[in-house]
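We count ligands from 1, going down the list as the structure has it; atoms in each ligand are counted the same way. Both backbone and side-chain heavy atoms feed into the values below; hydrogens, waters and symmetry mates do not.
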Amino acid sequence: MEPWSFLHICDMQPGSPRSYRFNQRNMDNWQTAYQQIQGITDVDLMLVGGDLTRDGALHDFEYEVAKRELDALPYPYYAIPGNMDTCNKHTDKNGATGREDIRLNVTAEQLDRFVPFFGDFPWSFVHKNVRFSGFYAAVAGSGLPHETRMWHWLESELPALPRAAHHVVTMHYTLFMDSLDEPKWDITKADEYRDWYFSIDPPHRQRIFEAFKESGVSIVLSGHIHCRRPPQVVEGISFYRCAGIAMPQAADRWDDGNPTLGFYRFDVTDTDITPTFIPLTEESQSNEGYGPGGHPRAEERDYSLAWNKNEE
Ligand SMILES: [Fe+2]
């Protein structure tokens with residue numbers, strides 16, 4: 001087969017000047033990345049690994065803009081949500097940061113709001129010699145119908161699909177931080193909160209990994225951490241932690257972590273998939289903006305701050 005290529009982007013979360021909060025840096029960085037991916041014309045498709053919006057859980061207008069921009073690209077794309085689009089992985093206790101984590105548990109309504117814009121998930125399809133699959137792993141442990149569906153898809157549907165030479169999965173959260181058998185990170189401990197926030201808890205973690213093995217998965221792409229790390233190979237499966245686009249995070253988490261903003265291009269042959277990291281041509285240093293960070297309550301959102309009050 002002739003060599004061919006695909007892209008993977010994630011964690012763009014530009015936000016909107018119509019929102020109760022806005023950070024110009026995030027928008028600048030997404031627009032830089034968007035110009036770069038618009039200029040790449042020799043790829044067959046692009047995977048979008050979640051966090052397309054900053055507050056998609058609240059604002060259709062953020063989804064609408066993201067869809068318009070992605071639809072205008074010269075190649076097809078396939079997207080899964082992230083926690084900024086929907087909401088976070090479930091917990092039954094609040095964490096050490098003072099953030100009200102239980103209030104931020106993802107709901108069925110939030111997950112379903114993604115679908116009219118970017119299509120249903122999980123999904124899986126074959127392009128040439130690669131099977132591509134996408135799902136939102138953070139529904140594990142939620143008890144939502146979406147979790148039941150995810151397990152059925154992972155354990156019954158995916159293994160039964162025809163195999164291709166390679167199988168590439170995108171899932172937003174990382175399956176683990178350091179090792180597959182690391183313990184569950186403790187949300188109530190300040191020095192473990194971030195690792196809890198980024199990763200999938202056991203026993204869901206191991207269950208997902210077993211499903212990957214049953215389906216011949218070769219590459220797993222995750223975002224969410226906004227810090228790139230050399231791929232980690234576990235039982236033949238390469239786990240990529242991908243760079244962010246909006247802003248860097250977790251630069252201090254690993255000795256080999258690299259917070260440079262950007263995205264991956266993958267070049268595919270019969271035997272290999274070779275990554276090339278493409279850094280943003282410029283990282284915005286803007287500190288313009290308004291409104292609170294984090295995950296503020298409804299009564300803390302002041303839309304009169306919005307720079308753009310037009311409905312379009
Ligand atoms: Fe995220």
Side-chain angles (χ1 to χ4, degrees), residues 8-16 19 21 23 25-27 29-30 33 47-59 62-63 66 70 78-91 95 97 99-101 103-107 110-111 113-114 117-118 121-122 134-142 146 150 169-177 185 187 192-201 204-205 208 220-229 239-251 253-254 257-264 292-296:
H8 177 270
I9 64 169
C10 56
D11 300 292
M12 308 97 91
Q13 53 199 76
S16 168
S19 179
R21 61 173 172 179
N23 185 327
R25 176 188 60 167
N26 295 6
M27 177 61 81
N29 286 331
W30 164 234
L47 306 178
V48 184
D51 285 358
L52 288 68
T53 65
R54 187 170 183 197
D55 280 306
L58 299 172
H59 304 143
E62 293 193 41
Y63 277 136
L70 293 171
Y78 303 86
I80 58 159
N83 59 302
M84 303 302 285
D85 309 308
T86 57
C87 242
N88 296 349
K89 145 186 160 181
H90 274 227
T91 177
T97 65
R99 189 186 273 178
E100 296 165 287
D101 292 283
R103 178 172 62 83
L104 302 173
N105 287 346
V106 66
T107 66
Q110 289 163 330
L111 290 163
R113 289 187 62 243
F114 183 85
F117 298 98
F118 297 108
F121 60 93
F135 71 113
Y136 185 48
V139 301
S142 68
H146 303 73
M150 179 189 77
V169 169
T170 185
M171 56 180 274
H172 195 64
Y173 281 60
T174 187
L175 200 55
F176 55 89
M177 296 300 289
W185 300 104
I187 188 175
E192 294 189 28
Y193 178 87
R194 201 173 53 164
D195 289 345
W196 173 84
Y197 180 76
F198 287 145
S199 63
I200 301 297
D201 293 344
H204 317 300
R205 180 196 301 150
I208 291 171
V220 178
L221 304 166
S222 60
H224 193 37
I225 306 174
H226 303 208
C227 184
R228 181 169 51 102
R229 196 183 185 201
F239 288 87
Y240 285 75
R241 280 69 167 212
C242 301
I245 287 176
M247 75 295 193
Q249 289 181 153
R253 179 56 179 82
W254 296 293
N258 187 328
T260 304
L261 302 179
F263 54 92
Y264 274 122
H295 301 267

Task: Criterion side chain to side chain contact (heavy atoms under 4.5 Å, CB included) against F239, the qualifying member of L221, L175, T174, V169 - done: L175
Task: 2.8 Å cut-off met by an N, O or S atom of Q13 to the Fe ion (ligand 1) - done: no
Open item on the list: With a cut-off of 2.8 Å, does D51 put an N/O/S atom close enough to the Fe ion (ligand 1)?
Closed with: yes
TODO: Measure from NZ or CZ of R241 to the centre of the six-membered ring of F176, then state whether that distance is under 6.0 Å and the direction lies within 45° of the axis.
DONE: yes
TODO: Report yes or no: is the cationic atom of R99 (NZ for Lys, CZ for Arg) under 6.0 Å from the centre of the six-membered ring of Y197, at an angle within 45° of the ring normal?
DONE: yes
Task: Metal-centred angle, NE2 of H172 through the Fe ion (ligand 1) to ND1 of H224, rounded to 10 degrees - done: 90°
- [ ] Ignoring hydrogens and angles, tell me if any N or O in the side chain of D51 forms a donor-acceptor pair with the backbone of M84 under 3.5 Å.
- [x] yes
